[in-house]
Number of protein chains: 4
Amino acid sequence: MIRTGLIGYGYWGPNLARNFAEAPRTELVAVSDLDEERLQLAASRYPAVTTTTDHEALFSDPEIDAVAIVTPVSTHFDLARQALAAGKHVFLEKPLTETSEQGAELVAAAERAGRILHVDHTFVYSGAVRKIKEIVDAGELGDLYYFDSVRVNLGLIQADVNVIWDLAVHDLSILNYIFPIEPTAVSATGMEHVEGRPATIAYLTLFYETRAIAHVYVNWLSPLKIRRTLIGASRKMIVYDDLEPSEKIKVYDKGVAIGETKESIYDTMVSYRSGDMYAPHLDLSEALRTEVDHFARCIEDGEEQLTSGAAGLRVVRILEAATESLNQRGVPVELAR
Amino acid sequence: MIRTGLIGYGYWGPNLARNFAEAPRTELVAVSDLDEERLQLAASRYPAVTTTTDHEALFSDPEIDAVAIVTPVSTHFDLARQALAAGKHVFLEKPLTETSEQGAELVAAAERAGRILHVDHTFVYSGAVRKIKEIVDAGELGDLYYFDSVRVNLGLIQADVNVIWDLAVHDLSILNYIFPIEPTAVSATGMEHVEGRPATIAYLTLFYETRAIAHVYVNWLSPLKIRRTLIGASRKMIVYDDLEPSEKIKVYDKGVAIGETKESIYDTMVSYRSGDMYAPHLDLSEALRTEVDHFARCIEDGEEQLTSGAAGLRVVRILEAATESLNQRGVPVELAR
Amino acid sequence: MIRTGLIGYGYWGPNLARNFAEAPRTELVAVSDLDEERLQLAASRYPAVTTTTDHEALFSDPEIDAVAIVTPVSTHFDLARQALAAGKHVFLEKPLTETSEQGAELVAAAERAGRILHVDHTFVYSGAVRKIKEIVDAGELGDLYYFDSVRVNLGLIQADVNVIWDLAVHDLSILNYIFPIEPTAVSATGMEHVEGRPATIAYLTLFYETRAIAHVYVNWLSPLKIRRTLIGASRKMIVYDDLEPSEKIKVYDKGVAIGETKESIYDTMVSYRSGDMYAPHLDLSEALRTEVDHFARCIEDGEEQLTSGAAGLRVVRILEAATESLNQRGVPVELAR
Amino acid sequence: MIRTGLIGYGYWGPNLARNFAEAPRTELVAVSDLDEERLQLAASRYPAVTTTTDHEALFSDPEIDAVAIVTPVSTHFDLARQALAAGKHVFLEKPLTETSEQGAELVAAAERAGRILHVDHTFVYSGAVRKIKEIVDAGELGDLYYFDSVRVNLGLIQADVNVIWDLAVHDLSILNYIFPIEPTAVSATGMEHVEGRPATIAYLTLFYETRAIAHVYVNWLSPLKIRRTLIGASRKMIVYDDLEPSEKIKVYDKGVAIGETKESIYDTMVSYRSGDMYAPHLDLSEALRTEVDHFARCIEDGEEQLTSGAAGLRVVRILEAATESLNQRGVPVELAR
């Protein structure tokens, strides 16, 4: 039983608290937040749980095995470092840290402390993404041509981070999980639309050593909410629409013919190979529950981590490079290997 | 009555032939193609029309007022130049030419000859695009934030031009028509997926002197056909989905709140201002018919051209710069003013 | 403050409990269920609340002002009668009762006791249905032509009631609320698909003194979940799709031309008057919360009831007649006035 | 080569003319219409074809093998009878005739004359319907539970026939083709909304000796165009949406659990067995072309007719009974066997 203390009972924290409280192998024993009102809300929901405005009390409490940190990214590094230093396992909200230097330091710290550093890339634990991973690992798709992801909605323009750090982190964690190949460079463009605020819209392109290409489009100012990823490959193609109630994944047995035809130079509409489509049945259980269970097994059974600090660091390196490229209107930035 | 000869009865030619034959102010008098079979097909459909494999016969025929050129882009420059030299008005398939130098030369030639040079940017004449133009010109949207367009499907990978020259030309002509502001630079990325063929997927970003940004995503290898443009602005936003049978345009009275709230740094999902949406009724008559009528009025009544050679040249300049940027993995290319 | 006791903490009960506990003018003070497990769950969520397997304890408790009854329909009559006899206000799950006789008796009992008898027609309190009511009351639609509702999904085939009593009750309560006109007769057809079980699929038609007609299609064996109502009228038409995340209501300025044309006898596809469509912004707050607040205001401020026992009785009369008609393969059954 | 004469070049006639002209085994030799303008249009499109206002000229022309009759239903009986008497094969627009008596007489006349009487149930020849037939014949579905079809749009209210005879005929011909079992009775309801015009909206229920039930909903006054059929069965279920551009058919491996659970009486939302869905690739070639080819093979090769006069008669018998039931507000009408 992993006794867990949670720091940050704001927007996302309550979801984590609920899962740590209800999951079979974890227990919610303490909640910390700077805001008394939030603490009272937590107390009313979990009468048995200790609440405090002093998060350090969680680090010093020998009864606590793990700490879930659900605070603004600017605080991730210090809080996680202290928690690891105090011998706690850490479940850290995404993105891992503000900089890759900080991220590398945390990864090393967890290594030294022999503790689990888990980054909350929630989508990796969804039934849909796990199913895509399964299909890809079975070799059903063939060679990867492209990974094209759109994550847009009408959201609040944040003060501290640009839209890439807020939204693209999801797509990059999904991409890295399904296709664990290292991008060689990233080109990004975008624009800020509010005086003194970071970019509200951004486009990222990732390059690889192969002919694969990845693109992520994120936007805080879209009238529509779209969550759709197209995966193109040599044998099959996948459409993943996270807003579909049940058929979130569609696998197309579609391809394209190469070769001249008299019509070819005119005709660009016709599809040349088109077989059946199927939508696999998905496990619709809550991703966060699956994730919390996994976190507990990593600690207790040494299960291999799916979203370790190292995975979080790979994403942060891309976010950093993308922001650098965005500031140069798309000049590609190499990713250190 | 504009007596028109058509060169190129391949994939798109028959649509033009039908409209030139049926429109009230134009007459189809001759069709030329190198392929006898295609000529026979034309003859069976238009018994009264002269057919020939020699397109020069059309230039020398004093009975012909205008020539519609619907051939591969590599032939546009020579054919259009000859036609103009022969005193014919020219209806030229998109894209205008292979290079901006050729394009500039054609524009000058038309100028000298005092003839109409029309480029076939068909979508500009659709009820949907004309309605968007109307809404924008009425000032309903406020300041433009972004123009984001997606044009993907499963199509034939062409031998001569990359996907930008084939598909993005549509979005750029729509963009230039609705928002006649000059982009200052373009950054493009993409990838070729077939040995020795041009790029099959591409992403273009256009920069402006304002905070507006435009993006076009084109792909020949998508399992889904998507034709969707999002237009974001300070007061209202538009979604244009060309595959919708009737509600192709939706106007959203949506915006976003600026300013800190305690939740703000967590919350990115909630929409902060959300009013009604409306879908204006559209003129669903065939765009090509509207376009052919406009071409005739430009010749006979001196109506101002909506898609002149100059408009085609602006698009070609962007296509050129985009291809150059794509070859440098996104390095932005300035657009000469 | 309405101190409320809840009977039946099964599938729907917890939603009511949460709202009675959190709404400003109500308080959840006791929960009763025959199942100890369910009671423990309730206790863990609401430590301050009394739990008991003896529902009569709620009736005899002078501290309790109102009772919410969320039990199988077969128990509604007895429980509600006892509660009213004990001077409690009653919030009763739909459908009101198993028979119209029972329903009429409850309505009379509430009348005698001077207590509020509220039936839980939840949809009446949704932002979507309230908006439709607003539009209709404003006279925007003109004369009603038809109300056509579909409520199908893959659900459990119940043992005690047929699909009409389970699903159609929603559509009929919405219909009665928006168009408070009395149907004169009902014709229903349907079929049972499991040995010894009631009808799993059913079609209801309601007739009126005007040219209005209403139809409800319910099905427990549909592979798709559909929740859609079409409302046709002389001036405008409404499409209400409850599964749409935000644009649940679309108002069409559409009509049809009457009168001969040469084509008329062939042509049935063309729409003859087609103006704009708009989707009004909706209040998306939880219907159940709105309903519980309304219940409290009816008790404390004498606000007029939207879904009184009488409203529930009107629905039960239709359900009874429909079941009778269904058993005769559609023979219309007159509705007593 | 079947030399065909066509009577009625109005709304649908031109589609038939085109197919008879272009199909490999048929030839369009004559077109008759009472309207000179229509004849001129036909002549301009088919210069080699004889045009006449006297349809009897087609019957007396020994050069003509078959006659396609595309006229109002009130004229079907006389024209088809004359054509058969003159020894012509007949391709007759749907519905077969105005009455079942007329239909039976035509079937007998074709029998006597030893000529093919074909009724134009076009959808039977579509790739989608043929694929469903294939799946059903392969026994993939199990026992049929229901066939539920919706065909609504905003169309012209006709003067001569009600909406059942105009639209439901399509669904009934599809139903009879896929499931060749005889209904025992029909119950129908509906309403007319225009003074002196027939019903504009109607609902049909068909009963069988098994637990199967069929329902067809047709409406000329719908703001939405819907063409959707749900087929429920014991093992699998099919959704056929004819407006989907490519995935018109979806096959669901879904079913429902029978049996009590403690939750059962509350829970009606959860699906109890839910496997993969697949959308088979469809032959998207024009149904009418397939149909015309079939007509020719029936004549020349004695291929078995898919939509013979007898098939048309079965549909007319249902239309008659449905209209009779509609006039009695749903009283079921037995179908003679």
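Per chain, numbering begins at 1; letters A, B, ... match sequence-line order.
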> Relative to each other, are the rings of H215(A) and Y203(B) parallel, tilted or perpendicular (30° and 60° limits)?
Replying inline: parallel

> Which bit of E192(A) is near chain B, if near means a heavy-atom gap under 4.5 Å: side chain, backbone, both or neither?
Replying inline: both

> Relative to chain B, which of M191(A), H193(A), M277(A) shows the most heavy atom pairs under 4.5 Å?
Replying inline: H193(A)

>> Can you tell me which residue among I231(B), I238(B), V239(B) is in a side chain to side chain contact (heavy atoms under 4.5 Å, CB included) with P223(A)?
In response: V239(B)

[X] side chain near [Y] side chain, heavy-atom distance below 4.5 Å:
X       : Y       : answer
I226(B) : R228(A) : yes
Y252(B) : L154(A) : no
D148(A) : N219(B) : no

Interface residue of largest heavy-atom contact number with chain A, from [options], under 4.5 Å:
options                           : result
G13(B), G232(B), G190(B), G330(B) : G330(B)
S222(B), S325(B), A188(B)         : S222(B)
Q328(B), R211(B), K250(B)         : R211(B)

> Once you round to the nearest 0.5 Å, how far does OG1 of T189(A) lie from CD1 of I213(B)?
Replying inline: 5.0 Å

>> Please evaluate residues L221(A) and Y146(B) with respect to the criterion side-chain contact (heavy atoms from CB on, under 4.5 Å), reporting the C-alpha separation (whole Å), side-chain torsions for both, the decisive distance (0.1 Å), and the verdict.
In response: CA-CA 9 Å; L221(A) 288 178; Y146(B) 62 84; 4.0 Å; yes

> Do you know the tightest heavy-atom contact between T184(B) and R329(A)?
Replying inline: OG1-NH1, 4.2 Å

